[in-house]
Amino acid sequence: MPYNVCFYYEGKNMTQTTIEKIAVSDGQEALICGWVYNKRSSGKIRFLLVRDGTGIIQVVIAKPELMDAFDRLTQESSVKVIGRIRADARAPGGYEMEATSIDIVQIADEYPITLKEHGTAFLMENRHLWLRSQRQWAVLRIRAEVIKASRDFFDGNGFTLIDTPIFTPAACEGTTTLFETQYFDDKAYLTQSGQLYSEATAAAFGKVYCFGPAFRAEKSKTRRHLTEFWMIEPEMAFADLDDTMQLAEDFIHFIIQRVLENRQRELSVLERDIEKLRRVKKPFPRISYTDAVQVLQKEGSKIKWGDDFGSPEETLLSSKYESPVLVHRYPTAVKAFYMKPDPQDPNIALGVDVLAPEGYGEIIGGGQRLDDHALLLKRIEEHQLPKESFTWYLDLRRYGSVPHSGFGMGIERVTAWMCGIDHLRETIAFPRTLYRIYP
RNA sequence: UCCUCAGUAGCUCAACGGUAGAGCAUCCGGCUGUUAACCGGAGGGUUGGGGGUUCGAAUCCCUCCUGAGGAGCCA
């Protein structure tokens, strides 16, 4: 195994074994490098729970010469432990290690996070340590799987990864507040979406996607918002709204299958009801905005045609389905300036939002882009956007303009849904929220 | 920005006008199969800051600070 630690012990060279793959070492001597998760003792026999980032194993200490080392160990002390691996039903995990050597790397100071309950304020203050907990381990491993599945999906379907800039000269969408920063003698803004640039790269590469952080300076203070979040955004030339809806459906379905296949242990640590994920089936329901408004009104909502959906409307609508629902053709007035109007009715835009089930809300927003130069120019003026900044964007409509469409998917929202957890802050290692930028 | 709720031991909480307490963590002692082990003992506090009411305030009132949830906006 490459990149694993070696350790010279009693004339032998031991190579580090990961707890995840401990079964292959059954009956043999192995080296585990990790941290003390917990310890217990019962008279002359002691139990040490060691975690190494891939799992947790119980180490049994019966040799008298190891007792002193055991007694000195504190929670989260770092250790290298050598011992014989054997299956034992009494051990959490099914395998345990009978220690022959304990090499203490560092004795940890009194660890603030105990195995008892803590409040979220305290845990967030200690986010750098909270990451070591089982639950955070499971969530972030699922996040990694969501990202890997996303990239595999696009890479495997003819999309080229072309990343877009973080520093931008102006707003992508005039509506949202941007983080302003100094750019030498000028001002620059942190991007809130790579989409506009992906429209340029789509005209160069056909099918593209970008994956990176997005920044929104909105003073949103809810469990569904971060000021810094990660978004994956495909964009396709020669594609219309229906193509994009099909892509979104296939994409989400693919991610769910991957998570179910490869992250069973993590889902069970989180006690996720995986039946709810299994019940997601293609084709996903599709409903026009206009029909959705009627459904909502029938359910007692006070929404009127022309209003954008708020969080309560999203929850109400999506609760009627077991699969994500694709809501398409919104009023032009509530959507971004670059949305293409429906040729049948200019008051309607060819946009689509995907609402996840179980109240997880909007996970995807996208649609077909305006490809007409004159109309796009008019919209930029109507939205009072700085025209100079959009010269290049308008150029895309002058040189071989084509129907094109795409969407953006929020990694954290999808991860929260996969995990069945109720707050976005746990789906990213170091969340940035309205009132938190530490640690 | 607005609305609601909460700040008491390192952590999670109790005491709700009358001497600030428990569990966990820490330290000491006990136990040969523990499963957030258990049992016994010890140390640990300007009750978020400031002001007010009262004989007396963690408790009631005002104000500020910090945090959480929600609204708007969005992925």
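Below, chains carry the letters A, B, ... as their sequence lines are ordered, and counting in each starts from 1. What you are looking at is a predicted structure, and each value in this text was computed from that prediction instead of being measured.
Distance check on atom P: B:G50 versus B:A14 gives 24 Å, rounded to whole Å. As rounded to the nearest Å, B:C2 and B:U59 have C1' atoms that lie 29 Å from one another. Nucleotides B:G44 and B:G23 have their C1' atoms positioned 15 Å apart, rounded to a whole Å. Straight-line distance between the C1' atoms of B:G69 and B:G10: roughly 26 Å, to the nearest whole Å. A distance of about 15 Å separates the P atoms of B:U53 and B:C62, rounded to the whole Å. Distance noted for atom P between B:C31 and B:U46: 38 Å (whole Å). The gap from the P atom of B:A57 to that of B:U47 amounts to 12 Å, rounded to the nearest Å. Taking atom C1' in both B:U8 and B:A15, one finds a spacing of 10 Å when rounded to whole Å.
Using a 4.0 Å heavy-atom cutoff across all strands shown, A:Glu125 reaches no nucleic acid atom at all. Using a 4.0 Å heavy-atom distance criterion, A:Gln58 is classed as a base contact. Residue-level contact check: A:Gly361 touches neither bases nor backbone, having no heavy atom under 4.0 Å from any strand. Nucleic acid contact for A:Met231: sugar-phosphate only, since backbone atoms but no base atoms lie under 4.0 Å from a heavy atom of the residue. The residue A:Phe122 sits close only to the backbone: its heavy atoms come under 4.0 Å of sugar-phosphate atoms, none of a base. Here A:Ile113 lies out of heavy-atom contact (under 4.0 Å) with every strand. At a threshold of 4.0 angstrom between heavy atoms, the contacts of A:Asp353 with the nucleic acid are absent.
Applying the side chain to side chain contact (heavy atoms under 4.5 Å, CB included) criterion to A:Ala62, with sequence neighbours excluded, gives no partner residue. Residues passing the ring pair (Phe, Tyr, Trp, His ring centres under 6.0 Å) test with A:Phe167, sequence neighbours excluded: A:Tyr183. Scanning for ring pair (Phe, Tyr, Trp, His ring centres under 6.0 Å) contacts around A:Tyr321 gives an empty result, with sequence neighbours left out. By the side chain to side chain contact (heavy atoms under 4.5 Å, CB included) test, A:Gln106 pairs with A:Ser78, sequence neighbours left out. Residues forming a side chain to side chain contact (heavy atoms under 4.5 Å, CB included) with A:Val60 (at least two apart in sequence, or on another chain): A:Ile45, A:Phe47, A:Glu96. Scanning for side chain to side chain contact (heavy atoms under 4.5 Å, CB included) contacts around A:Lys187 gives A:Glu180, with sequence neighbours left out.
If you take CG of A:Leu178 and P of B:A75, they are 13 Å apart, rounded to a whole angstrom. Rounded to an integer number of Å, the gap from CG of A:Asp307 to C1' of B:A71 is 15 Å. We find that CZ of A:Phe309 is positioned 17 Å from C1' of B:A75, with the value rounded to whole Å. Between A:Arg413 atom CZ and B:C74 atom C1' there is a gap of 6 Å when expressed in whole angstrom units. Put simply, CZ on A:Arg224 is 11 Å from C1' on B:C73, counting in whole angstrom units. The interatomic distance linking A:Glu218 (CD) with B:C2 (C1') rounds to 15 Å, in whole Å. Across the protein-nucleic acid pair, A:Tyr330 atom OH and B:C73 atom P stand 13 Å apart, rounded to whole Å. One atom, CD1 of A:Ile147, and another, C1' of B:A75, lie 14 Å apart when rounded to the nearest Å.
A donor-acceptor contact shorter than 3.5 Å is absent between the side chain of A:Thr164 and the backbone of A:Tyr197. A:Arg216 contributes a side-chain N or O that, together with a main-chain N or O of A:Gln192, makes up a donor-acceptor pair within less than 3.5 Å.
Put simply, the side chain of A:His118 and the base of B:C11 share no donor and acceptor less than 3.5 Å apart.
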Is there any protein nitrogen or oxygen under 3.5 Å from a nitrogen or oxygen in nucleotides 64-67 of chain B, and what are the pairs?
residue, atom, partner, partner atom, Å
B:G67, OP1, A:Tyr435, O, 3.3

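Within the 6.0 Å centre-distance limit, the rings of A:Tyr289 and A:Phe309 are counted as a close aromatic pair. A:Tyr393 has its ring centre no less than 6.0 Å from the ring centre of A:Tyr338. Taking the six-membered ring for Trp and the full ring otherwise, A:Phe337 and A:Phe390 have centroids separated by under 6.0 Å.
Side-chain atoms of A:Arg51 and A:Arg132, non-hydrogen and from C-beta on, do get closer than 4.5 Å to each other.
Where RNA chain B pairs in unbroken runs of 3 or more (Watson-Crick or G-U, both distances under 3.5 Å), the stems are B:1-7 with B:65-71, B:10-13 with B:21-24, B:26-30 with B:38-42, B:48-52 with B:60-64.
Across B:G33, B:A75, B:G72, the shortest atom-to-atom separation from the side chain of A:Arg90 is found for B:G33.
Shown for residues 421-429 of chain A: residues whose heavy atoms fall under 4.0 angstrom of RNA chain B, namely A:His423, A:Leu424, A:Arg425.
Pairs passing the salt bridge (Lys or Arg N to Asp or Glu O under 4.0 Å) check and including a residue from residues 409-418 of chain A, sequence neighbours excluded, read A:Arg143-A:Glu412. Sorted by first and then second residue, the salt bridge (Lys or Arg N to Asp or Glu O under 4.0 Å) pairs with a member in residues 35-48 of chain A read A:Arg46-A:Asp71; sequence neighbours excluded.
Residue A:Ile303 holds its CD1 atom at 8.0 Å from CD of A:Gln297, rounded to the nearest 0.5 Å.
A side chain to side chain donor-acceptor pair (under 3.5 Å) with A:Glu266 holds for exactly one of A:Arg141, A:Arg272, A:Arg135; it is A:Arg141.
For the pair A:Phe47 and B:G33, the ring geometry does not qualify as stacking, because the centroid separation below 5.5 Å and plane angle under 30° are not jointly satisfied.
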### Query
What string of B, S and - do you get for nucleotides 22-32 of chain B 5' to 3' if you count protein non-hydrogen atoms under 4.0 Å?
--SSS----BB
